[in-house]
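Everything on this sheet refers to the single structure shown next.
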Amino acid sequence: MKVNYFSKNRKRKTILDKLKEKRLVYNGFQYPLGIMTELDNINIVTEGCKVEYHNTQLGDMYFYTVSISTEKLSSLLLKVLKIFPSYITLIIERSSEDINREYDILFSDPDISIKEAKAVFRRYEELWTECSFVGFGVLDELSGFEIFINVHKEIEMTVPPKYSDTIDKILNKFSLLDNENVKFLSEMEHWHYSLSYLTSSQTGSEKCNYAFDYYYITNNMKNRYGFKIINLHDDDIQVAPRWWCTTVKGLGKCKKRMFITSYYILAETFEEMETLVDLEMSKHKVDYYYIHDNFNIDPESELNSFNIIEKNKGFKDATFGIWAESDIFISDAKSIVPYMINKPYATTYQKSI
């Protein structure tokens, strides 16, 4: 079993333990760290579930929505995962940095083993159960069977009839089918917070955010599990895709040190942005790299801690090219193999000699 990302590091564990000491609890219901509500509402939220029955393209389905105290969330999800077939698709929903999307929905390759899905959940358990900027789920694309922890830390399940009796037995063990008057946290007035924000509030410093940041963690999973955003074009375009924030990750010439750096780039197309990154990597003699993430931003956004290359010009008025770059973060890399993946969802490069 994989080591938990948060508990294996003493500093991260200490910060989380201090946050958990301040957790909102009422009548035994433990609220997730990333959700805050009016104190007048804390006696309203209850455990329980609602069940609906609908016909879908995949046939008849039961739709369960479950409200459950945070300390039981992991146990319920892991019990349901035992019912799934051997290979599934992982789903991540996250609050989006792209100005044209409120959130990103990411689907993995459809051949992830259920054993690996459990390992991913356990490794980042506090992220999935506490951070209200991210959701996690598992889907069997063949049958439509799905379980998902949403950003309110409520469980949503789409269940084919053949699994419904088993699901009911599991829910009964948690005494969740008995409460028909369930009140959901999502129905109350509330506020969402990310783990990185909570940790910076706890420590008084933003230096810890990197290790707790949901964007950084989910991006690190993209290449390994084949995650790709499936709702790229769902929302109306607010800002034309020409002001890019692009993060690059890779290895230097020595092949022993990993780096990650970000750029603000003015380019009309993804291909132009990609070319500018390639030229920049060539300039720094970087042999192996890949585009870790890219999204469109408001050119009027306030940009802090970036080195502005085009002096005296705002991003909106910049010319074609790289307008600004961030500091470079470097850490140890044991193997070059993960950075040489060549799949359609991950732009990975090996320069010719």
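Reckoned from all heavy atoms, side chains included, excluding hydrogens, waters and symmetry mates.
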Nearest-0.5 Å distance that lies between atom CD1 in I167 and atom CG in L177: 10.0 Å
Using a strict cut-off of less than 4.0 Å between a Lys/Arg side-chain nitrogen and an Asp/Glu carboxylate oxygen, indicate whether E187 and K50 qualify as a salt bridge. yes
Indicate yes or no for a side-chain donor-acceptor contact from T37 to the backbone of E189 under 3.5 Å, with no hydrogens or angles considered. yes
Among all residues two or more places apart in sequence or in another chain, which pass the salt bridge (Lys or Arg N to Asp or Glu O under 4.0 Å) test with K183? none
For the residue pair F145 and Y163, is the inter-centroid distance of their aromatic rings smaller than 6.0 Å? yes
What's the separation between atom NZ in K72 and atom CG in L176, rounded to the nearest 0.5 Å? 7.0 Å
Taking the inter-plane angle between the rings of Y216 and H292 on a 0 to 90° scale, is it parallel (under 30°), tilted (30 to 60°) or perpendicular (over 60°)? tilted
Can any side-chain N or O of D140 pair as donor or acceptor with the backbone N or O of P85 at less than 3.5 Å? no
Do D278 side-chain atoms and E274 backbone N/O form a donor-acceptor pair below 3.5 Å? no
Hey, what's the ring geometry for F212 with F6, parallel, tilted or perpendicular (30° and 60° as the breaks)? tilted
Neighbour count above 12 (heavy atom, 6.0 Å) for F63 CZ: yes
Under 3.5 Å, is there a donor-acceptor pair between the side chain of D213 and the main chain of S196? no
Run the salt-bridge test on D293 and K222 with the 4.0 Å N-O cut-off and return the result as yes or no. yes
Show the numbers, then the answer: is there a salt bridge (charged side-chain N to carboxylate O under 4.0 Å, His left out) between K13 and D17? CA-CA 6 Å; K13 184 178 185 303; D17 286 345; 2.9 Å; yes
Distance-only, no hydrogens or angles: does the S326 side chain make a donor-acceptor pair with backbone N or O of S262 under 3.5 Å? yes
Counting N and O atoms only, with roles assigned by atom type, does the side chain of D109 sit under 3.5 Å from a partner on the main chain of D111, one being a donor and the other an acceptor? no
Listed partners of S67 passing side-chain contact (heavy atoms from CB on, under 4.5 Å), at least two apart: F29, V45, V182, F184
How far does CD of E300 sit from CD1 of I297, to the nearest 0.5 angstrom? 10.5 Å
How many angstroms lie between atom CZ of F174 and atom SG of C49, to the nearest 0.5 angstrom? 12.5 Å
Rounded to the nearest 0.5 Å, how far does OG of S132 lie from NE2 of H192? 5.0 Å
List for me each residue that meets side-chain contact (heavy atoms from CB on, under 4.5 Å) alongside S95, sequence neighbours excluded, and say none if there are none. F133, Y214
Sidechain-backbone polar pair: E325 side chain, I309 backbone, donor-acceptor under 3.5 Å: no
Are the side chain of K153 and the backbone N or O of S69 linked by a donor-acceptor pair below 3.5 Å? no
Apply salt bridge (charged side-chain N to carboxylate O under 4.0 Å, His left out) to K283 and E280, showing your working. CA-CA 5 Å; K283 185 171 75 176; E280 187 69 12; 3.4 Å; yes
Within 45° cone of Y31 ring axis and under 6.0 Å: R23 NZ or CZ: no
Between N231 and I105, is there a donor-acceptor pair closer than 3.5 Å when you use the side chain of the first and the backbone of the second? yes
Would you say the rings of F148 and F136 are close, in the sense that their centroids are separated by under 6.0 Å? no
Would you find a donor on one side and an acceptor on the other, under 3.5 Å apart, between the side chain of W244 and the backbone of E268? no
